[in-house]
Participant: 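Have a look at this one.
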Amino acid sequence: MLLEFPTENLTELLEFKKEFHPRQELDDSIIYAKRIQDGMMLKEKHLHRIFPESFIYMRPRNIVSGDFYWFTRVNNKILIAAVDCTGHGIPGALMSILGINLLNQIIIEEQNTDPSFILRRLDHKVRKAFSYTEDIIDVNEHNDGMDIALCSIDCNTKVMQFAGAYRPIYHVRAGMMNEIKGSRHPIGGNGSDPTFSNFPMQLQKGDFIYLCSDGYASQFGFHTDKKFSSKKLKELFIHTSTLPHSRQKVELDNTFNRWKLSVEQTDDVMVLGFKI
């Protein structure tokens, strides 16, 4: 049976649609939140100004993302980060906003360029931000934070300093993969104060660097109940490193789609790559 409303009673009709379509109102809010989140991150064209052969592949699970990338230039240092926040969707996106603001404060405002020191400052600030909720939420239950791969590249010497919190960095040179693993401590969360170390590397022209969240490797496949895996991802990076940067993002997306097919996306996905 169809419900009929007098055409002159537009107010009641709008209220009726609002009552029976709350999902649309929520979706509109999330889409607008995505615009805000995207506006807080520099665009891919800005990365091209630093590294002409580079790309950013973002594939949120639920419109907004708990993954984010971050980069800037401070004097003669270029700093680039790939960050995977706790959760996805709206909670992950809110955490990403906190992470972006804290990186802006620690690196741009305070002019810090040492990756291990930056991670220590970030960990301290995230813990401090969530300590205000300890009187409401049991501190033993809260494990909010983020995993991050952060590198600082000296434009003059081409020496890269890398520090990570549960995230590695992938370095490809002449078809050979070098994975540098970060510390086994997340940013924020419970436990004792973590330690983060710098890993230096002399870069060469033609090297390709990849930073990413764990979403790609964690995706379950259609033809198997297994995840894509870090091993396959490293093999994919070796393959894509021989392609033009504009093609690499397409290859990553095509491979992801062929693996996933109709299986639900497991997590947010983000990959950032650039050529020296």
Participant: Determine yes or no for a side-chain-to-main-chain donor-acceptor pair under 3.5 angstrom, with Arg120 supplying the side chain and Leu122 the backbone.
Facilitator: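 The answer is no, because no donor-acceptor pair under 3.5 Å joins these two groups.
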
Participant: Where the side chain of Arg167 meets the backbone of Gly182, is there a donor-acceptor pair that is under 3.5 Å apart?
Facilitator: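 It does not hold such a pair.
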
Participant: Checking side-chain hydrogen bond (donor to acceptor under 3.5 Å, both in side chains) for the pair Ser241/Tyr210: CA distance, chi angles, key distance, verdict?
Facilitator: CA-CA 9 Å; Ser241 67; Tyr210 297 94; 4.8 Å; no

Participant: Does Lys34 pair with Asp38 as a salt bridge, N-O distance under 4.0 Å?
Facilitator: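 Here Lys34 pairs with Asp38 in a salt bridge, since their nearest N and O are under 4.0 Å apart.
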
Participant: If you look at every heavy atom in Ser197 and Ser183, which pair is closest and at what distance?
Facilitator: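 Reported closest heavy-atom pair: N-OG, 3.8 Å.
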
Participant: Can you tell me how the ring of Tyr216 sits relative to the ring of Phe228, calling it parallel under 30°, perpendicular over 60° and tilted otherwise?
Facilitator: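 Judged by the thresholds at 30° and 60°, the geometry between Tyr216 and Phe228 is perpendicular.
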
Participant: How are the rings of His48 and His245 set relative to one another: parallel (under 30°), tilted (30 to 60°) or perpendicular (over 60°)?
Facilitator: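 His48 and His245: perpendicular rings.
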
Participant: I need the single residue from Arg121, Lys125, Arg127 that forms a salt bridge (Lys or Arg N to Asp or Glu O under 4.0 Å) with Asp123. Which is it?
Facilitator: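 With Asp123 as partner, Arg121, Lys125, Arg127 yield a single salt bridge (Lys or Arg N to Asp or Glu O under 4.0 Å), made by Arg127.
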
Participant: Which atom names give the shortest non-hydrogen contact between Val263 and Phe220, and what distance separates them?
Facilitator: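 Shortest heavy-atom contact: CG1-O, 3.9 Å.
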
Participant: Less than 4.5 Å apart, any side-chain heavy atom of Met40 and any of Asn101?
Facilitator: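 Result yes, sub-4.5 Å side-chain heavy-atom pair found.
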
Participant: Give a yes or no on whether the ring-centroid distance for Phe51 and Phe274 is below 6.0 angstrom.
Facilitator: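 Here the rings of Phe274 and Phe51 have centres that are less than 6.0 Å from each other.
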
Participant: Under a 4.0 Å threshold between the charged nitrogen and the carboxylate oxygen, would Glu44 count as salt-bridged to Lys249?
Facilitator: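 Yes, Lys249 and Glu44 are salt-bridged.
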
Participant: Could you tell me whether Phe55 and Tyr57 have their ring centroids closer than 6.0 angstrom?
Facilitator: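 So the answer is no for these two rings.
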
Participant: Is there a donor-acceptor contact under 3.5 Å from the side chain of Asp147 to the main chain of Pro186?
Facilitator: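 It does not hold such a pair.
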
Participant: Looking at Asp253, Asp267, Asp268, which one forms a salt bridge (Lys or Arg N to Asp or Glu O under 4.0 Å) with Arg59?
Facilitator: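 Exactly one pass, corresponding to Asp253.
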
